[in-house]
Amino acid sequence: MFVKKLVEKASIKKPGGNSLEGLKASDVNPRVVFHQGIPSGGDKIAYDTIQKILALSTKDGRIKLYGKDNAQALLDSSEPLPSKFLQFIQNKGILLNVTSSNHIEVWDIEKKVLSDVYVAKEEITSFAIIQHSLYMYIGHFNGNVSVLKLDQDPWHIAQMKYTIPFSASYGNSEVSDDTLVMHVLPQPAAETKRVLIIFKNGQIILWDVQESRTIFRTGGNILQTLHTNETKKVSSACWACPFGSKVVVGYNNGELFIWSIPSLNTGNGGKASRLYVMGASEFASSNLLQVVLLNEHTESRTTKLGLLLSECCVDMEIISTSTEQDKHKQDSFLVLGKSGSSITTAKFISNNSNVFYFEDEYYRQLVKNHPLFVPVETNQKDGTSPSSAKFSGFSKVLNLYITGHSNGAVNFWDASCPLFTPILQLKQQNENDFSLSGIPLTTLYFDINSPLLVSGDQSGTVRIFRFKPEPYATNIFSGTKKGTDHIIQSVKTIKINGAITSLKMDHSSTRLAVGSDQGHVSVFNMDGLTLLYQKHIASEISAGIISLQFLTCSLHGFDKNILAVGTKDSSVLALDNETGNMTSTETVHPKKPSKALFMQVFDGQGEVLTGSITKDEIDLSEGNHIENAPTKQLCFLLCSEKALYVYSLMHAVQGVKKVLHKKKFHSSSCCWASTFYCPSGVGLVILFTNGRVELRSLPELSLIVETSIRGFNYSPAKSKSFSDWQICCSSKGDLVLVNGDQEILAVSLLVQRNIFRILDSVSCIYKKEMMLSQEELVPGPVIHKEKKKGIFSSFSSNKEKPVPLMETENSRESIQELSVIFSKENFPSIVDNNDNLAIDEDEVELNIDDIDLDDHVEKRKDRGIMGLGGLNKKKLTGKFQALKGRLKEMKGNIQKTSGKEEQQEERQEQQPGTVDQIKKRYGFSSSSNETSVAKLAESKLQENLKKLQGINLRTTEMQDTAKSFSSMANQVLRSAEQQQDKRN
């Protein structure tokens, strides 16, 4: 047993010598080139009303951007974390993302880069941007509210000195639990003057920014008085009036309250007419989206309307749009939900060598008319899509993407530009049936040179579509032809047992091999679709066929045509292509078999002989015969969920297992694999269930590059169902990953490879020419939206026709005043206390104004004297002496200055009628207040000298006390020593 394992280990070792051929690290650079559609795990949305940019954040830290003319871009945050809040700085090309780790990311939309990350020291529970400014409020878990500013050149966040502490805003009200700040809402029409703060326990306060005080209070105790048996917690809130006179608050028990708030505006109108409510419940699986119509003139005042959607909602946004030609303003209600799956199989063909390219302008116009999201289904009854009538052929398609769907349809996409455009849809079942079968497709084979399409479905039906010669007629009028008769020449069908899992064609013998999930291998003659032979491959684990390949090999000195078969249980065998008999009674398989995913035959130098990839042709599934193949050592690559194996094909044909190379996976399971061509040879790409990607060389299986695809999370398909993700790869290393009908990810593996046309144009989100100057920005009432989890996870309000404001604020002047206010400390003692928490003892500077000599039973924590006991006595005495010398010097200077000022004042009093004398007689201070300042300084100096004398006395007392404690300690020590001596 030990000798046998030693031999197996030795056979796996890499052959001596280094080959110049093979995959190199300099050949590859795996990266996501483009993302189309809606990323999975969408969580928060935001909208720039001027730039017309929609942002969508996901739970794994991605941010998708949608701009004008179908422009799309994908950003990756530094950490894969969900967003708490997502908001634009309107018309500045800046997006702010507050992550669950309390980091505020500043994204430059024009450059698509992360400009700054602000790390908050306290947990952020609410976030709001002041309209037409670069200032923002952040509410914290401890009830405090901070003010931040976004500075330019470069963009970065700075904290302002202004703050709204919990002790000042909440006041003397009875403090209960859950006093975290749930919502910070600047009051409409007075955003720079007032802000509404809503705590989780229901307390609502209106804060005056200039005066730094609470001017109105409601909720809290009033709310609990109305419902004594129930404790309500705030879950969501928004303004219900464009002038800030009403706010609507949602609670965790499903109730809505509309509170009246004092407003600076004196106008009448401006009520919200519709309230959009999105509920959230751990027990309800149905959709909880409602529209509440507000009408104070009816008895009930509200009317509830449910929006019956096919899926649950994640987030929502009201989008207002208007055009220069039409001044009419249009509001749209955007809902983010969860999409289903319809794509069940796919193929990708890149770099069509026979293509006659369209000009870039053609694709620019095509993109402008393209649907914003992934268009999959059509409403045509004749079995074709609107673009099928305009389809002239495959010769003008640079990249072709083919998808099979759960309803039996086949879609052809022009993938020459980043936005995949459907160009042809086939629903035809046979010569006379143009309706959909409703049976999911399981595999596809396409030969672009013929052209020929073969599809297999879950019921075991195989359809062969033969296309007419190109170009196809494009002037077909409705009703003159049925479906795609001007494109399809014939449709033939065959039937076998089990769902179709593998298709392969041999062009030299015009044979079609079909494999099923029940282990049947059937070979047909393509000329008459006659069955040549059928073989059943038995298996105790799983009998499904995953791969079929026609090839020629040397067996016993003769060239023999065989059909290599790979099964789902990782077994490898060969059939005689003429008779269908097995070339050996034994199959080759690992000792611990696992689910097989991919099989490929190549020579010892990594040259693919047949199957998915050929060096001179672009079709992924086109067969190929290579001359002189028998003179080379043929290898057989098998990839399973748990390991990679490279066998000797000549030994496998004879039923002998000879492992040339092997690699086991430990951290996670493999879900997909394929081979691709690069300048140095052939490489292997492996994709794991957690999104990790490995590029390995052939045949050694050496790891070249390792990376990951964020947002990819593969879940294995259940019985008779399909995975949400469909993955395919072209011969040039271009991967296409499709998540249902929701999103398409295009990944390029090779260095400096440009897959798409007009990529820069489609990825351009921010338009500088659309940026309005500050003078053109007309401030108007804004309805804010806040989002939180709870029974009401989110709601927004939509207002009636705007009513002219009776009182508005000048935006520019208000922002300038706000800048002055936020730059100053409005609560210095609280700010100093927070700052001093992190100061080292050695860096403490004694301020004599903070010294309080009176004894107090309970000392205030915010006074500097609290740190006096911990100071070094020598350092303290030295500071006192230095301070005493400075005070004496100041006293002498002040006395000299005071004497001169008294003489000058007597001279002025002798001159009757002066302005200062008149002011003095009537109790006003003179224009020159230097005398009063000097007198105040002198009195302050006297007070400080008295404090200093008291401190000296205290210090002396402390020294005497310390001496007495020392003597007592010595006496205790001596007595203890004496007792110890007596015992001894």
Side-chain angles (χ1 to χ4, degrees), residues 346-363 365-367 369-370 375 378 380 382-404 409-417 419-431 434 444-455 463-492 503 505 507 510 512 526-527 614 616-624 728 730-732 734 736 755-757:
K347 296 291 181 183
F348 186 50
I349 302 172
S350 63
N351 286 79
N352 186 353
S353 58
N354 300 322
V355 73
F356 299 95
Y357 299 139
F358 282 114
E359 298 294 332
D360 287 350
E361 186 60 29
Y362 166 81
Y363 289 106
Q365 295 300 323
L366 189 67
V367 165
N369 301 322
H370 191 276
T378 64
Q380 302 295 315
D382 60 354
T384 180
S385 64
S387 58
S388 298
K390 302 178 182 179
F391 180 61
S392 61
F394 300 104
S395 60
K396 291 187 178 181
V397 181
L398 177 64
N399 301 326
L400 182 64
Y401 184 58
I402 312 171
T403 55
V410 178
N411 274 339
F412 291 80
W413 309 68
D414 186 346
S416 304
C417 70
L419 297 180
F420 289 13
T421 306
I423 54 177
L424 176 65
Q425 186 174 61
L426 301 180
K427 299 182 180 180
Q428 189 173 355
Q429 303 305 307
N430 52 49
E431 294 289 351
F434 293 85
L444 294 171
Y445 174 90
F446 183 70
D447 179 9
I448 198 171
N449 295 322
S450 301
L452 174 73
L453 172 70
V454 183
S455 68
R463 294 178 179 87
I464 299 98
F465 297 83
R466 292 189 182 274
F467 291 78
K468 292 182 178 181
E470 298 185 13
Y472 306 128
T474 58
N475 58 347
I476 302 301
F477 296 97
S478 177
T480 59
K481 292 284 184 178
K482 183 66 176 178
T484 54
D485 279 355
H486 63 293
I487 300 176
I488 302 300
Q489 180 177 345
S490 64
V491 180
K492 303 296 182 180
L503 295 169
M505 181 175 290
H507 290 274
T510 64
L512 175 67
M526 289 292 293
D527 294 335
T614 64
D616 299 323
E617 297 175 353
I618 64 172
D619 186 1
L620 276 172
S621 303
E622 186 170 352
N624 181 39
C728 56
S730 74
S731 61
K732 305 297 183 180
D734 305 321
V736 177
I755 310 176
F756 300 121
R757 310 278 293 274

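When F465, Y401, F412 are each tested for a ring pair (Phe, Tyr, Trp, His ring centres under 6.0 Å) with F446, only one passes: F412. Looking at L444, N411, L426 one by one, the single match for side chain to side chain contact (heavy atoms under 4.5 Å, CB included) with I402 turns out to be L444.
To the nearest 0.5 Å, atoms CD1 (I349) and CD1 (I448) are separated by 5.0 Å. Summarising the geometry, atom CG belonging to L424 is positioned 11.0 Å from atom OG belonging to S392; distances are rounded to the nearest 0.5 Å. The distance from atom OG of S395 to atom OH of Y472, rounded to the nearest 0.5 Å, is 9.0 Å. Taking CG of L452 as the reference point, atom CE of M526 lies at 5.0 Å (rounded to 0.5 Å). Taking CD1 from I488 and CG from L453, the interatomic distance works out to 7.5 Å, rounded to the nearest 0.5 Å. Of the inter-residue distances, the one linking N399 atom CG with F420 atom CZ reads 7.5 Å to the nearest 0.5 angstrom.
The six-membered or imidazole ring of F467 lies near that of F394, with a centre-to-centre distance under 6.0 Å.
Within the 4.5 Å cutoff, the side chain of H507 has heavy atoms near those of the D447 side chain.
S490 is linked by a side chain to side chain donor-acceptor pair (under 3.5 Å) to nothing, counting only residues two or more places apart in sequence or in another chain. Scanning for side chain to side chain donor-acceptor pair (under 3.5 Å) contacts around S416 gives Y363, D414, with sequence neighbours left out. For Q489, the side chain to side chain contact (heavy atoms under 4.5 Å, CB included) partners at least two apart in sequence or on another chain are K468.
For the residue pair A346 and C728, the shortest heavy atom distance occurs at O-CB, 3.7 Å. Scanning both residues, W413 and T403, for their nearest heavy atoms gives NE1-OG1, 2.9 Å.
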